Protein chains: 2
Amino acid sequence: MSRLRVLGFALSLDGFGAGPNQSLENPLGERGPELMQWFFPTRFWRAMQGQDGGETGVDNEIAERSMQGIGAYILGRNMFGPIRGPWPDDRWKGWWGDEPPYHAPTFVLTHHARAPEPMAGGTTFHFVTEGIDAALERAKAAAGGLDVRVGGGAATVRQYLQARLVDDLHLVVSPVLLGQGESLMQGLDLRALGYACTRTVAGERATHVFIERVA
Amino acid sequence: MSRLRVLGFALSLDGFGAGPNQSLENPLGERGPELMQWFFPTRFWRAMQGQDGGETGVDNEIAERSMQGIGAYILGRNMFGPIRGPWPDDRWKGWWGDEPPYHAPTFVLTHHARAPEPMAGGTTFHFVTEGIDAALERAKAAAGGLDVRVGGGAATVRQYLQARLVDDLHLVVSPVLLGQGESLMQGLDLRALGYACTRTVAGERATHVFIERVA
């Protein structure tokens, strides 16, 4: 049974998934890149950049696992392009250059219809204007029995959690205070929605929190 | 130099320091006791209850340290007595029975003037009606050069943080989702106030987060 998963969602100690004032220059918002400091030293990240070496501890192992068994992705509008900027212009093909890191069908939630965009390396961007249920249905059909991963951002993850469609949620809590930004959990009663924390693992540079729908 | 410290402040994964609907029956709010599950197995807690045994790992060590070097305490109104209930009646002497665990002068923020209440074991409750600055001044004077600890609750800790009077803040984040309750950080921009996380330590049953005023 194909699951809907949120994996490696970065969170600050004060609960923000991105900093304030997201823009073309700051896709993760101001100070948002601090949330990714746990990731950059890993062997997994370095290999994605075509670099040798890197750390091979707990953080790396969990990062590697977060890309396995995934047959399709769902992205919110702001994960694909900036709030202010060239998107939804059809010439904008995402943040990642010619070869995005998904290597699978990737469904982008948007209000702007657009033809599918095949990229190098197996990623094809599909643009879904009919909402989160339609995106999930299409992603599951495309995943070939594997799991579907919601890649973010916070607003999209919140919508899927609120609808109780997420099966499991892996948070990476970094030792960082952002002060402002996009909150993941504010106003969202995950407990009432049937979620519980099933495991916490200390990484080298962040704490990994595993939450599952249990009811 | 005497510091103002918040130590062992329990927090859920979704950022709540207490559950909803605090009452005489539920001083920590509904489901709030789940935040203390890390504490009850420790040798330190058991010794406080006059019991032998208990665990002696990281959680216990940090709990023991949180009571050392403290010369006076500050408590919010709800830490001393329930929102709905007998307090501020003078016959209410706190949650703890005849011998409270403070063993030091303890300043309770309240709008109701009341004579000091000396208890067994060295705790004397002083009732401060002039606000947080007055309470801090009196507590520092009473602490004999040792540190002052804010015992809670969340609203009181927030007031001292907002005023940049807290020197360091130790959070104990439990692997629990409360869903609702009293948020510690919501609307409080700790980063802009000059705070940063300086250390994270994995305990057996909770994650210890150390935050200091660095600017």
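Letters A, B, ... are given to chains in the order of the sequence lines, protein chains preceding strands, and every chain is numbered from 1. Note that this is a predicted model, so its numbers are computed, not measured.
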Residues 182-196 of chain A vs chain B, non-hydrogen distance cutoff under 4.5 Å, contacting residues -> A:Met185, A:Gln186, A:Leu188, A:Asp189, A:Leu190, A:Arg191, A:Tyr195, A:Ala196
- Task: Check for a donor-acceptor pair, side chain of A:Trp92 on one end and backbone N or O of A:Phe80 on the other, with a separation under 3.5 Å.
- Result: yes
Hey, does A:Asn21 have a side-chain heavy atom less than 4.5 Å from the side chain of A:Asn26?
-> no
Most contact-rich option vs chain A, by heavy-atom pairs under 4.5 angstrom, among B:Leu11, B:Leu171, B:Leu178, is B:Leu178
Taking side chain as C-beta onward, heavy atoms only, is A:Val173 less than 4.5 Å from A:Leu13?
-> yes
| Would you say A:Asn60's side chain and A:Arg43's backbone share a donor-acceptor pair under 3.5 angstrom? | yes
Okay, A:Arg31 and chain B: the region with an atom under 4.5 Å from a heavy atom over there is side chain
Q: Give a yes or no answer on whether the side chain of B:His170 reaches the backbone of B:Gly8 with a donor-acceptor pair at less than 3.5 Å.
A: yes
Taking a cut-off of under 4.5 angstrom between non-hydrogen atoms, the residues of residues 200-208 of chain A near chain B are A:Thr200, A:Ala202, A:Thr207
query = Is the backbone of B:Glu212 close enough, under 3.5 Å, to the side chain of B:Asp168 for a donor and an acceptor to pair up by distance?
reply = no
- Query: Is the number of heavy atoms from other residues, nucleotides or ligands under 6.0 Å of B:Glu137 CD greater than 12?
  - Reply: no
Any side-chain heavy-atom pair of B:Leu75 and B:Thr156 under 4.5 Å
no
Notebook entry, point to check: Do B:Asp14 side-chain atoms and B:Leu177 backbone N/O form a donor-acceptor pair below 3.5 Å?
Noted result: no
Assert top hit (heavy-atom pairs under 4.5 Å, partner chain B, pool A:Ser12, A:Ser174, A:Gly179) equals A:Gly179
Query raised in the report: Do B:Phe9 and B:Val157 come within less than 4.5 Å of each other through their side chains, counting heavy atoms only?
Result: yes
Check: Taking C-beta and beyond as the side chain, do A:Leu136 and A:Tyr160 meet within less than 4.5 Å on heavy atoms?
Finding: yes
